[in-house]
Protein chains: 4
Amino acid sequence: MTSDIKIRVAIVGATGYAGAELVRLLYGHPNAEVVAVSSKSFENQALSEVYPAFAGFCDLVCENQSEVVDQSDVVFAALPHGLSEPLAAECLQKGKRFIDLGADFRLSDEQAYQEWYHKSYDCPEIHKAAIYSIPELCHFRRSMSEAMIVANPGCYPTSVALGLYPALERGLVKTDPIIIDSKSGATGAGRGLSQTTHFCDCNEAFAPYKAGVHRHTPEIEQTLSEAAGKPVKVTFVPHLLPVNRGIVSTMYTRLLDGVTEEQIFDVYRQFYEDEPFVRVMPKGQYANLRNVKYTNMCDISLHPDWRTGTLIVVSTIDNMVKGAAGQAIQNMNILFKLPETTGLMLVPPAF
Amino acid sequence: MTSDIKIRVAIVGATGYAGAELVRLLYGHPNAEVVAVSSKSFENQALSEVYPAFAGFCDLVCENQSEVVDQSDVVFAALPHGLSEPLAAECLQKGKRFIDLGADFRLSDEQAYQEWYHKSYDCPEIHKAAIYSIPELCHFRRSMSEAMIVANPGCYPTSVALGLYPALERGLVKTDPIIIDSKSGATGAGRGLSQTTHFCDCNEAFAPYKAGVHRHTPEIEQTLSEAAGKPVKVTFVPHLLPVNRGIVSTMYTRLLDGVTEEQIFDVYRQFYEDEPFVRVMPKGQYANLRNVKYTNMCDISLHPDWRTGTLIVVSTIDNMVKGAAGQAIQNMNILFKLPETTGLMLVPPAF
Amino acid sequence: MTSDIKIRVAIVGATGYAGAELVRLLYGHPNAEVVAVSSKSFENQALSEVYPAFAGFCDLVCENQSEVVDQSDVVFAALPHGLSEPLAAECLQKGKRFIDLGADFRLSDEQAYQEWYHKSYDCPEIHKAAIYSIPELCHFRRSMSEAMIVANPGCYPTSVALGLYPALERGLVKTDPIIIDSKSGATGAGRGLSQTTHFCDCNEAFAPYKAGVHRHTPEIEQTLSEAAGKPVKVTFVPHLLPVNRGIVSTMYTRLLDGVTEEQIFDVYRQFYEDEPFVRVMPKGQYANLRNVKYTNMCDISLHPDWRTGTLIVVSTIDNMVKGAAGQAIQNMNILFKLPETTGLMLVPPAF
Amino acid sequence: MTSDIKIRVAIVGATGYAGAELVRLLYGHPNAEVVAVSSKSFENQALSEVYPAFAGFCDLVCENQSEVVDQSDVVFAALPHGLSEPLAAECLQKGKRFIDLGADFRLSDEQAYQEWYHKSYDCPEIHKAAIYSIPELCHFRRSMSEAMIVANPGCYPTSVALGLYPALERGLVKTDPIIIDSKSGATGAGRGLSQTTHFCDCNEAFAPYKAGVHRHTPEIEQTLSEAAGKPVKVTFVPHLLPVNRGIVSTMYTRLLDGVTEEQIFDVYRQFYEDEPFVRVMPKGQYANLRNVKYTNMCDISLHPDWRTGTLIVVSTIDNMVKGAAGQAIQNMNILFKLPETTGLMLVPPAF
């Protein structure tokens, strides 16, 4: 029943938060072993020096990026945009699977990439080999095990897409306006130091940032356009929450005439009935990041506001798990024909 | 230049958070003195037993409500809805000013009150004597010193009204849809114990509550309808933030054709140019509750999203000050013909 | 290699924090299954109603305490003191193992129990069947699989005992004074509502409580006296930390003449060299609750202060895991002859 | 009654946290005006650009240090150690008062300074003009208005000295051991970025640092030796608390034989009976940083542990106010013969 394979995993960019979360989760994965880690900033240092939490669990020493590909069956990369492409090309050439937690392969439209990232593709030919995969929404899920490159979705886009896809695809709501008010914990800003994430600036504070101009916008629009069957635009405003982990997206669309509460809940429940990582909450309950943190779960709650004909959808994930490392492992499981839940069925802590 | 008057203040409901904040602020007010405090739950106990922070500053003992009116020139009430009306009637009869931090006098339309609070007015005749006052937006501000009853606005409505009034009144935006995504610190839920505000439930957590059904909705619509010159409806979703103080409201409306960024900033700057408590932030900066906490300030930032024709307005206040006790004192200053800023020009702590 | 047994577990007091943590951890245990849960306050409600985090993972309905014993091989009880004894007696009679996370069986000296808990034993005869077990320090560890009742240690005593036992037993330090300054996250105060753990009271706050009079004092002294080979007394002051989880104990004892830094580190490293759950940190690093939270680990750091001849020992655990549910499962593993680490080798999250 | 003088204040190092707090507090001071601010890192930038909280309140532009002395009556310096001495010399020469929030003038023993700061005095001759002043404990308080240089005490030493001075001076306790376990909010680490104060590292975390080797140790010993009338040594361990503001010091000394609880409380109450900024808490209450934050107050609670003959003293201050800017202003008030409380009688917020 359980597979005997042991996937050799290399992590590039292992000392960033997504990399560290991969280490934590893969340690508990019965069919994967982290065999090599790489980090530009901490080369030759043990990972457990950077994260004392890992002492005794993962004391691998960070190698140069060039040394890790050959040791592995699959390479996870958590790198700033622009740096994944050449590494993906190398993996492709060497027949290694490549799972990119960065932005390089997320947009299918190169022009959109240029517009938002101010950069062209360096290796345009390899983009055809890449599949963008939120597994629950991915049309290629069944055939995905053939893919060599997986574009692992962004954290905000994952929370938004899981929240709005059913309503748009099943025709519950209008496609304009789509207002997305997201709030993310501070791990979303990464391990790098900044005034914004200095404790005294971030604690007992709250504000939006990059309102309408965040780079996750085109990725969100790409998925929602697919759901709607036509191009849609969204107003997307992220905020920085004074918590370590978690994203809550509160989303506002207009209900189509005649849609009933029962229909809304039915659509969502059916859409996700076979999905172990998505919970559609009972009527009257609210999705709360508390209930998903440290896990690969996505909780969705639905709140029609009949006074204004608005469907309010609330979606929450752990930005570092379903929004990054967990979903990447879920994608790895698919690539290697393991049950998607392998190593990922973690009970959310109650507190 | 400075007035010599000393206003005798009584606070009813003094041991709730709004009451405690009144005590803190009035202690620093040169023309007011708290002469009596009342509390149902803590009768005969010193306020400083309930709040050791006040020891040595305010050691008044909580009296029965019936004993405090006579000692005062003005009564502040911070009571659950339904309890202010009879007290206001008593004050009116005795010629005492009454400033209500509760909901009883906020809605001019009794039917709306009935609908949202499931209760009729007990003393409908005295409602004519009440003025609802966010001073910066109050048409009666100049003549308000005659008022006997002031309905001090709710915390969310204050943040929303200050943020959207200029855009609606000056015709920058359409009146539909109006999406209001608000986030409040936990003091907004009061001093009473609840699972939601139990530390381990609230810390490292985030969720909306009462989506579309919060009682501040009709109060928001009342003010925005006045601004727009016609009835408007809003979609209002509050969220609970894991911080002690502060509200951030992120608001979404559609820009009218042809409106420019310059116009937007001009309208807001002109609207508030003489207002000491409102700061329209420079282009590119974001209103952050960190910069207003413990003070009566309201920061507003403006973010047109040209891709979708949306005006994103962000407004932040300290829910306990401009959203409650501070604004109540600002209203008291008006009633007693003092400069509005008296006792309220507190520099926000930088951290 | 891996055992095939499946231990049937019942949890009494399942809706308290320790109970909920047992559920979380046992779900990931390959040889245990939670078959029944009981809760006085939430009888007939699903556990996932109380903790929506568990929805889909554990939807067991809380039964009456009387119904759960028969269904199980082992009963975990997380009850207020005084309530475990009769339940233990019932288990003993029915041949079920009983693991008590409460205080009833922790003190071997009934007089000490009476003094600190103001109560006599109800079933004094069954106390002989109980073993108090911090496994790393338990003399009966090898023979413990015969035990019918396990007294699972308190959270503070676990952190203190693991930190000071080696120094006292190996004669590095004097036995007087022993100063213990402990700080615990708010889960230590339980799920019950109180002003102290109301979010706005606990957040951005810090204070000691029960200085010198906390009920964990005799339990600490019992273990340290055993280590020292003679009766010792400690000054113990707990504090409430504004975090959800974790205990840090900073402990001060006087070094015996001639002891060197090398000796100190050697003693601790040798003492714990075969212990998978204890990490003695390298010289110069500090034990931080961040590095153990959500896991069964205990980190210990050592800081001799030569100026004053003081050995400063810092010990940190997750109060809900090694301080409660995790250690209880570790004890269950011993009872059922499983490797102690079964189901408990969780990598601490880096953030 | 109130003085008419207006002290012209310059702040050097104004963009650090202590500098910013001086700005906040001096704005509310009736006899002081901040006329010039200086900052190496932000020269030519408005202070309100660095701290948007100050916009509209203090929009002074940071000047070069060389430009600010002449404009002022008193210079406050909040600089890294070693940088205050030359500035003090300049002020002395120009007849300006100098209040140093840094470490350069705190130790009267140059050798101790060399040992702990690895540096000699650059201007040894001016140290005679300096007075170290925790006003409540300063023997020169009455004559201090003649002083040209004030060494404003460190944050930890202030909390410790106020807590232990009475017990040592009045002979309640032995002078060995003296164990000091202090916990400070993150503002104590300053505005500069560091991994330790990165939000995700500091939040939901807790650990000691610099155990036994913190530079405040000799300053603490200097004051306590004075209190004891003989040289004393202390074991001092600071910890980083996940809050913005506040220090709690829990201190352990051995009671002398025969001392009673009544005596203990009497000594402390008498010692501080005329001190507006120190509150000795009633028996059974605990000093909590919540009750002093944002103010110049120090709360002290006393807990004799008769079982071990230990006096546990808990002292709490706001590290940025009584531990830095507030005490500096209190000292300024003394220099300029104003009531010590001028501008400083702020009611602590209850939350």
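In the text below, chain A, chain B and the rest are named by the order of the sequence lines, each starting its count at 1.
- Between N203(D) and N244(A), the shortest heavy-atom contact is ND2-OD1, 2.7 Å.
- Scanning for side chain to side chain donor-acceptor pair (under 3.5 Å) contacts around Q65(D) gives an empty result, with sequence neighbours left out.
- With a 4.5 Å cut-off on non-hydrogen atoms, T196(A) does not touch chain D at all.
- For the atom pair CZ (F199(A)) and CG (L240(D)), the distance works out to 8.0 Å, reported to the nearest 0.5 Å.
- Of all heavy-atom pairs spanning C200(D) and T187(A), the tightest one is SG-N, 3.4 Å.
- For D201(A) against Y17(D), the heavy-atom pair with the smallest separation is OD1-OH, 3.5 Å.
- Without hydrogens or angle criteria, H198(D) side chain to G190(A) main chain gives a donor-acceptor distance under 3.5 Å.
- Residue contact with chain A, scored on non-hydrogen atoms closer than 4.5 Å, is absent for R245(D).
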